[in-house]
Structures are given as structure tokens and as C-alpha cells.
K.L.:
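After the C-alpha cells below, expect a handful of questions from me.
Count residues from 1 along the sequence. What you see below is based on every heavy atom in this structure, not just the backbone, and it leaves out hydrogens, waters and symmetry mates.
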Amino acid sequence: MLLSRLFYWFVLLGVVLLVVPEGLAQFKGRTPPARQMPDRLDQESGEALLESFRGGQGVGVFGYKFELEERPYRDSSWQLSGRLYGHWFGDPYWSRLEIDQDSGEAAVWLLRNGREPAIWKWQDDRFREVEPANWNNPLIDGSSVTIFDLLMPYIHWQESEYLGPTRHLGRPIQRFLLQNPIADAEPAVVEAYIDEAFFALLQVRSYDAEGDELRRWQAASFRRAGEDWTLGRLDLSDRQSRSSTRLRFTHYLEYPNLDTSGFRPESSLPQMDVPSEAWERL
């Protein structure tokens, strides 16, 4: 059974494991055989699943180490390492990303996920807010990952359409199309693949107004962590440039002494201070 550590990364990226309300009890544990397509939901059940997915669940304080491999189209790949921390006790959910760069300095981002999303970047000894017009900029120069990819504001876009069932990594999936409330903005729509049994997001595809696919990210593999399972790799591709990014997760953290003041825009903490022995290798 997929347990809490699997969903720590999903929640951190806006992918939420939910407490299932009584009205949706028919979804919990419904795991069809590998070759069987999940049942199509009626309109009421589809809307209920999506609303429950948006509801969220606090999972406390946690973190992960990762390796980020950039794979430019027809060019040499390159790699960086980083850490991603979460402070999740209900909307808003706070996330903090630190990416080590060749210069010796880390690029540090603070994200407020939820119904009122916002992003800050550490610059000149303080966090400075990033305007929404810049959310589609690369996370770091040359990267396929954008700030928008981490924030995932589309989870709370209200205009949606249920597309029907499919499967991904052997899991029963229900697909939804989410409409951007901002006219002429990109992406215009996002297709979300929600795990029917565990209410987790396993794939996202974004499109422009003409229906051309812009970007895609998906859970690619899982790893064993003690008696639990966790996300082992996340793949993201830019469908226009043909470049891609691969995130491999190497360590996880459950550290009760983490300085949670680092999850606020007024924080003066440039990087989280975590002893090396607190990290557990996956």
C-alpha cells in the first residue's frame, strides 16, 4: 500500500492526498486489475472528486533532497542538487526550494500554495515577491522547470470539465480539464490526471489556446522507504523546445526541530539549517 511518504512529494508540488469524505467512500480502495479501465464517473461524482482533491490535508513539516538533471534538446545534459521543504498544516501550504548552483550560492524560492498562491525569491538578503507575469520564467537559467510548475495554481481554477477515465503507472486515473480564469494567459487549459483510489495527481499536461501541448510532467517511478513507498522520479518536458528535466529524489527528512520561521516572506534565513544526520537516504 502507498503510504504517507509517497504523498509528501505530491503534496509539496500541489498534489494533495485527502481525507475522503463519507460521500466519496466509493472511491477509497477501488483498485481495478491492471488491464481493467476504471469506470467512468457521473457528473456529480466527478465534481465531488475534484472538490475533495482541492480540499487538501496537512502533513506537517518535512523535506526532500533531490538531483535535478536538465536535458536540453540536442545539447549536453547538466545536473544540480537541491532541497525542498514543506510546512503543511492547512491552506495556505508553505514550500521552500533551495537549488545549489555552480557559483557556490543557492537559488532560494518561497511558495505559498493554495487558494491565494504567491511566490518570493531570495535576493539581496531578503525575500522579494515575484509578480504573476513572471511565473512562467525558468526556475534557474537553462532549466525546463518554471516557477508555475511548482506553484500549480490551476488546482484551484474553478471552471472545469470531466474528461473520463484512463490509467497511469498501473493506477486508476480520472482526467479533468481546468480552464485558466485569466483571458489570453498561458497555459489556457491544464489536463489533470487524478489517482482515483488515493486522490493524488500523477500527471499534468498544459495547453495553449489553440490546443497545442506546452508542457507535461508526470510521476515516473517510486522507491521503497522502510515499510513505505515514496516518489522516486518526476519527469517534466517542454513540448515546444523538446527539452526536459528529470528530478530524482535521494533523501527524505522528518525533523521536528526545523526552524519554521524560514517559511515566511519576512524570514531572514537564507538557507535551512539541517544536520546531515537528520536526512535518511531513499
K.L.:
Could you check whether the rings of Trp279 and His251 sit parallel, tilted or perpendicular, using 30° and 60° as the cut-offs?
P.N.:
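Perpendicular, since the angle between the ring planes exceeds 60°.
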K.L.:
Which heavy atom of Ser143 sits nearest a heavy atom of Pro138, and at what distance?
P.N.:
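Closest pair (atom of Ser143, atom of Pro138, distance): O-CB, 3.6 Å.
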K.L.:
Are Leu68 and Gln79 packed together at the side-chain level, in the sense that at least one heavy-atom pair is separated by less than 4.5 angstrom?
P.N.:
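SC-SC contact between Leu68 and Gln79 ruled out.
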K.L.:
Check the orientation of Phe148 and Trp157. Use parallel for under 30°, tilted for 30 to 60°, and perpendicular for over 60°.
P.N.:
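Tilted: the ring planes of Phe148 and Trp157 meet at 30° to 60°.
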K.L.:
Would you confirm whether the ring centroid of Phe89 sits within less than 6.0 angstrom of the ring centroid of His87?
P.N.:
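Close enough - the centres of the two rings lie under 6.0 Å apart.
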K.L.:
Begin from the C-alpha positions of Ser144 and Ser244 and carry the test side chain to side chain donor-acceptor pair (under 3.5 Å) through to its verdict.
P.N.:
CA-CA 6 Å; Ser144 297; Ser244 64; over 6 Å; no
K.L.:
Taking a hydrophobic cluster as the set of Ile, Leu, Val, Met, Phe, Trp and Tyr residues connected by side-chain heavy atoms closer than 4.5 Å, whether directly or through intermediates, do Val190 and Leu163 fall within one such cluster?
P.N.:
no
K.L.:
Measure the spacing between OH of Tyr64 and CD of Glu280 and express it to the nearest 0.5 Å.
P.N.:
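Those atoms lie 10.0 Å apart.
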K.L.:
Can you establish whether the number of heavy atoms outside Glu116 located under 6.0 Å from its atom CD is more than 12?
P.N.:
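Not buried by this count: 12 neighbours or fewer within 6.0 Å.
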K.L.:
Minimum heavy-atom separation for Pro153 to Trp135, with atom names?
P.N.:
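Between these two residues, the closest heavy atoms are CG-CZ3, 4.5 Å.
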K.L.:
Looking at Ser95 and Asn113, what are the two nearest heavy atoms and their distance?
P.N.:
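Here Ser95 and Asn113 meet closest at OG-OD1, 3.2 Å.
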K.L.:
Which atom pair, heavy atoms only, marks the closest approach of Glu69 to Ser77?
P.N.:
OE2-OG, 3.8 Å
K.L.:
List the steps, then state whether side chain to side chain donor-acceptor pair (under 3.5 Å) holds for Glu159 with Gln179.
P.N.:
CA-CA 5 Å; Glu159 187 174 342; Gln179 180 77 39; 5.7 Å; no
K.L.:
Starting from Leu178, can I reach Leu49 by hopping between I/L/V/M/F/W/Y residues whose side chains sit under 4.5 Å apart?
P.N.:
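In one cluster: yes.
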K.L.:
Heavy-atom count around Asp42 CG within 6.0 Å, excluding the residue itself: above 12?
P.N.:
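Yes, CG of Asp42 has more than 12 neighbouring heavy atoms, counting only those of other groups under 6.0 Å.
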K.L.:
Which heavy atom in Leu151 sits nearest to a heavy atom in Arg112, and how many Å separate them?
P.N.:
CD1-O, 3.6 Å
K.L.:
Can you tell if the side chain of Arg216 reaches within under 4.5 Å of the side chain of Val204, non-hydrogen atoms only?
P.N.:
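A side-chain contact under 4.5 Å is absent here.
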K.L.:
Supply the atom-to-atom distance Asn134 CG to Lys121 NZ, rounded to the nearest 0.5 angstrom.
P.N.:
10.5 Å
K.L.:
Is the closest side-chain heavy-atom distance between Asn180 and Val189 below 4.5 Å?
P.N.:
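Counting from C-beta outward, Asn180 and Val189 never come under 4.5 Å.
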K.L.:
Would you give me the side-chain donor-acceptor pairs under 3.5 Å for residues 123-130, sequence neighbours excluded?
P.N.:
unit_1: Arg128; atom_1: NE; unit_2: Gln123; atom_2: O; d: 3.3

K.L.:
Provide the closest heavy-atom pair for Met152 versus Leu201 in the form atom of the first, atom of the second, distance.
P.N.:
SD-CD2, 4.4 Å
K.L.:
Can you tell me how far apart CZ (Arg167) and CG (Asp195) are? Round to the nearest 0.5 Å.
P.N.:
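Spacing of CZ (Arg167) from CG (Asp195) equals 9.5 Å.
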K.L.:
Taking only residues two or more places apart in sequence or in another chain, which ones pass side-chain contact (heavy atoms from CB on, under 4.5 Å) with Glu266?
P.N.:
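For Glu266, the residues satisfying side-chain contact (heavy atoms from CB on, under 4.5 Å) (neighbours in sequence not counted) are Arg264.
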K.L.:
Is a side-chain donor-acceptor pair under 3.5 Å present for Thr146 with Asn137?
P.N.:
no
K.L.:
Should we count CG of Asp75 as having more than 12 external heavy atoms under 6.0 Å?
P.N.:
yes
K.L.:
With sequence neighbours excluded, what pairs up with Phe176 under the ring pair (Phe, Tyr, Trp, His ring centres under 6.0 Å) test?
P.N.:
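Checked Phe176 against ring pair (Phe, Tyr, Trp, His ring centres under 6.0 Å); matches are Tyr162.
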K.L.:
Show which side-chain atoms of residues 99-110 pair as donor or acceptor with protein atoms under 3.5 Å away, not counting sequence neighbours.
P.N.:
unit_1: Asp100; atom_1: OD1; unit_2: Arg83; atom_2: NH2; d: 2.9
unit_1: Asp100; atom_1: OD2; unit_2: Ser81; atom_2: OG; d: 3.3
unit_1: Asp100; atom_1: OD2; unit_2: Arg83; atom_2: NH1; d: 2.9
unit_1: Ser103; atom_1: OG; unit_2: Glu105; atom_2: N; d: 3.4

K.L.:
Indicate if Trp94 and Leu269 have the same hydrophobic cluster label, given that clusters are the connected sets of ILVMFWY residues with side-chain heavy-atom separations under 4.5 angstrom.
P.N.:
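Same cluster.
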K.L.:
Quick check for you: to the nearest 0.5 Å, what is the distance between Arg205 atom CZ and Arg175 atom CZ?
P.N.:
8.0 Å
K.L.:
Please test Leu282 against Phe249 for side chain to side chain contact (heavy atoms under 4.5 Å, CB included), starting from the C-alpha separation and ending with a verdict.
P.N.:
CA-CA 8 Å; Leu282 291 175; Phe249 309 121; 3.9 Å; yes
K.L.:
Mind checking what makes salt bridge (charged side-chain N to carboxylate O under 4.0 Å, His left out) contact with Arg239, not counting sequence neighbours?
P.N.:
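Arg239 satisfies salt bridge (charged side-chain N to carboxylate O under 4.0 Å, His left out) with Glu213 only.
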K.L.:
Evaluate side chain to side chain contact (heavy atoms under 4.5 Å, CB included) for Arg96 paired with Leu84, printing each intermediate quantity in order.
P.N.:
CA-CA 6 Å; Arg96 181 170 173 139; Leu84 220 167; over 6 Å; no
K.L.:
Just so I know, are the side chains of Leu247 and Leu236 near enough to count as touching, which here means a heavy-atom distance under 4.5 Å?
P.N.:
no
K.L.:
Can you tell if the side chain of Leu253 reaches within under 4.5 Å of the side chain of Val274, non-hydrogen atoms only?
P.N.:
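A side-chain contact exists here, since the closest heavy-atom pair is under 4.5 Å.
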K.L.:
With the 4.5 Å side-chain cut-off for hydrophobic clustering, are Leu214 and Ile155 part of the same group?
P.N.:
no
K.L.:
Can you list the steps and then say if Glu98 with Tyr85 is a side chain to side chain contact (heavy atoms under 4.5 Å, CB included)?
P.N.:
CA-CA 9 Å; Glu98 301 174 358; Tyr85 303 92; 3.9 Å; yes
K.L.:
Tell me, do Leu50 and Glu47 make a side-chain contact under 4.5 Å, heavy atoms counted?
P.N.:
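No, too far: nothing below the 4.5 Å cut-off.
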K.L.:
Are any side-chain N or O atoms of Glu191 and backbone N or O atoms of Tyr207, one a donor and one an acceptor, separated by less than 3.5 Å?
P.N.:
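Absent.
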K.L.:
Could you measure the distance from the CD1 atom of Ile173 to the OG1 atom of Thr166? Nearest 0.5 Å is fine.
P.N.:
7.5 Å
K.L.:
Do the side chains of Leu234 and Trp217 get nearer than 4.5 Å, heavy atoms only?
P.N.:
yes
K.L.:
Would you say CG of Asp184 has more than 12 non-hydrogen atoms from neighbouring residues, nucleotides or ligands within 6.0 angstrom?
P.N.:
no
K.L.:
Under the criterion side chain to side chain contact (heavy atoms under 4.5 Å, CB included), I'd like the reasoning laid out for Leu139 against Leu150: C-alpha separation, chi angles, the key distance, then a yes or no.
P.N.:
CA-CA 9 Å; Leu139 197 62; Leu150 297 185; 4.0 Å; yes
K.L.:
Is the shortest heavy-atom distance from the side chain of Phe263 to the side chain of Met272 under 4.5 Å?
P.N.:
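In short, these two side chains touch, coming nearer than 4.5 Å.
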K.L.:
Which residues end up grouped with Tyr73 if you chain together Ile, Leu, Val, Met, Phe, Trp and Tyr wherever their side-chain heavy atoms are less than 4.5 Å apart?
P.N.:
none
K.L.:
Working to the nearest 0.5 Å, report the span between CG of Leu202 and CD1 of Ile194.
P.N.:
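Those atoms lie 9.5 Å apart.
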K.L.:
When you measure from the side chain of Asp238 to the backbone N and O of Arg242, does any donor-acceptor pair fall under 3.5 Å?
P.N.:
no
